[in-house]
Every structure is written in C-alpha cells, then in structure tokens.
Student: 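I am attaching a structure below and will ask some questions about it afterwards.
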Amino acid sequence: MGKKVSLPLIYLIGMALVVIGFCCPMFSGFLGSANGFKFINFDNSGFVTIGALLIFAGAVAGIAACFVKQLSGLKLIFALCVLAGAIVLVIGFTTNGGIYKAIGKNIIKHATIGFYLVVVGIVAGVAGAVMNK
C-alpha cells in the first residue's frame, strides 16, 4: 500500500492555501479584481476589515505553529480563528453597504481562484487540526 499522509502536513497545506488565496484575486466585477488585502480598511473598519485580518493573521500564525514547538498546541485555535474570520467576512459583506453588499449578494458569481483557495484551505486546515488531536 501507499504511504499515509500525516495530518500535520494537511494542516500546513491548508493554512498555506489560505495565505496564497488571500494574496490572489478573490473577487472580480465591474470595479476590477480584489484580493484579501483590499478588504482591510483602517479608516472605516468594520466586519469586513476584522474578518480579513482574522483570516490572514490566523493563517500566518497557523503556519508558524507548524514550525515553532511552543505554538504547536494552538493549531486548532488558529484554524478556528481563520474559520471565524471567514464567517465574519461573509456577515460583513451582507450587512455593509456599497460594493460589499453587491459582492455579498452574488458571492459565488463574482468569486475567482483566490476565494476557492481560501475555502479549500480552511476546510483542510480545520480538518487537519481536528483530526490531529
């Protein structure tokens, strides 16, 4: 039989996919494409900014937890932080006005490769963290 893939590797790949997807274009529309950093706005911070920061910071901390022994016990917390950030971001899309509301109504219609990488990364990261316990 083949080699068994270890679950910490699945977690690392999932968190890396979240970071890569966050940097890639996530949504496209009549105003151009937007990666995850376009949603961070400290002048008018709201749910969208908080969600985007939670996603990126949780994924980077999750990657660091794979290499720093003292943080390895916090992998599940970092994965849940990314998941919570995604939920907060979707809530921000549907409740805020302007372009965010237009994206929120048609989130799948305007989604590009970055969005799908983040979704797959969140699923893999949470599954790797939960199964590793």
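Positions are given from 1, in the same order as the sequence printed here.
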Student: What heavy-atom pair brings C24 and G114 nearest, and what distance separates the two atoms?
Tutor: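 In terms of heavy atoms, the two residues are closest at CB-CA, 3.9 Å.
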Student: Measure the spacing between CG of L53 and SG of C81 and express it to the nearest 0.5 Å.
Tutor: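 Taking CG in L53 and SG in C81, the distance rounds to 10.0 Å.
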Student: Can you tell me how far CG of L54 sits from OG1 of T49, rounded to the nearest 0.5 angstrom?
Tutor: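 CG of L54 is found 11.0 Å from OG1 of T49.
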Student: Quick one: pull up CD1 in I50 and CZ in F39 and give me the separation to the nearest 0.5 Å.
Tutor: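 That separation rounds to 15.5 Å.
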Student: Could you tell me if the side chain of F115 sits less than 4.5 Å from the side chain of P25, heavy atoms only?
Tutor: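 No, side chains not in contact.
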Student: What ring-ring contact (aromatic ring centres under 6.0 Å, His included) pairs are there with at least one residue in residues 63-91, not counting sequence neighbours?
Tutor: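 Sorted result for residues 63-91: empty, none.
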Student: Of all heavy-atom pairs between A52 and I40, which one has the smallest distance, and what is that distance?
Tutor: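 Residues A52 and I40, closest heavy atoms: CB-CG1, 3.8 Å.
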Student: Grab the two heavy atoms, one from F56 and one from V19, that are nearest each other, plus how far apart they are.
Tutor: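 Closest approach of F56 to V19, heavy atoms only: CE1-CG1, 4.1 Å.
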Student: In this structure, would V130 and L83 fall into the same cluster of hydrophobic residues linked by side-chain contacts under 4.5 Å?
Tutor: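 They do share one cluster, since a chain of ILVMFWY contacts under 4.5 Å joins V130 to L83.
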Student: Do I87 and F22 belong together in a cluster built from hydrophobic side chains that touch within less than 4.5 Å?
Tutor: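 As far as the 4.5 Å side-chain criterion goes, F22 and I87 are connected within one cluster.
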Student: How many angstroms lie between atom CE of M15 and atom CD1 of I122, to the nearest 0.5 angstrom?
Tutor: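 The CD1 atom of I122 is 7.5 Å from CE of M15, to the nearest 0.5 Å.
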Student: Got a second to check how far L117's CG is from M26's CE, nearest 0.5 Å?
Tutor: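 These two atoms lie 9.5 Å from each other.
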Student: Would you indicate whether the side-chain heavy atoms of I55 and L89 approach each other to under 4.5 Å?
Tutor: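 They are in contact (side-chain heavy atoms under 4.5 Å apart), so the answer is yes.
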Student: For the side chain to side chain contact (heavy atoms under 4.5 Å, CB included) test, which of V68, L12, V18 pairs with I63?
Tutor: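 Among the candidates, only L12 passes.
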Student: So how far is it from I77 CD1 to L74 CG, rounded to the nearest 0.5 Å?
Tutor: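 Here the rounded value is 5.0 Å.
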Student: Kindly give the heavy-atom pair with the smallest separation between Y11 and C66, and that separation in Å.
Tutor: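 Where Y11 meets C66 most closely, the heavy atoms are CD2-SG, 3.5 Å.
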Student: Can you give me the closest heavy-atom contact between G14 and A124, atom names plus distance?
Tutor: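 That would be CA-CB, 3.8 Å.
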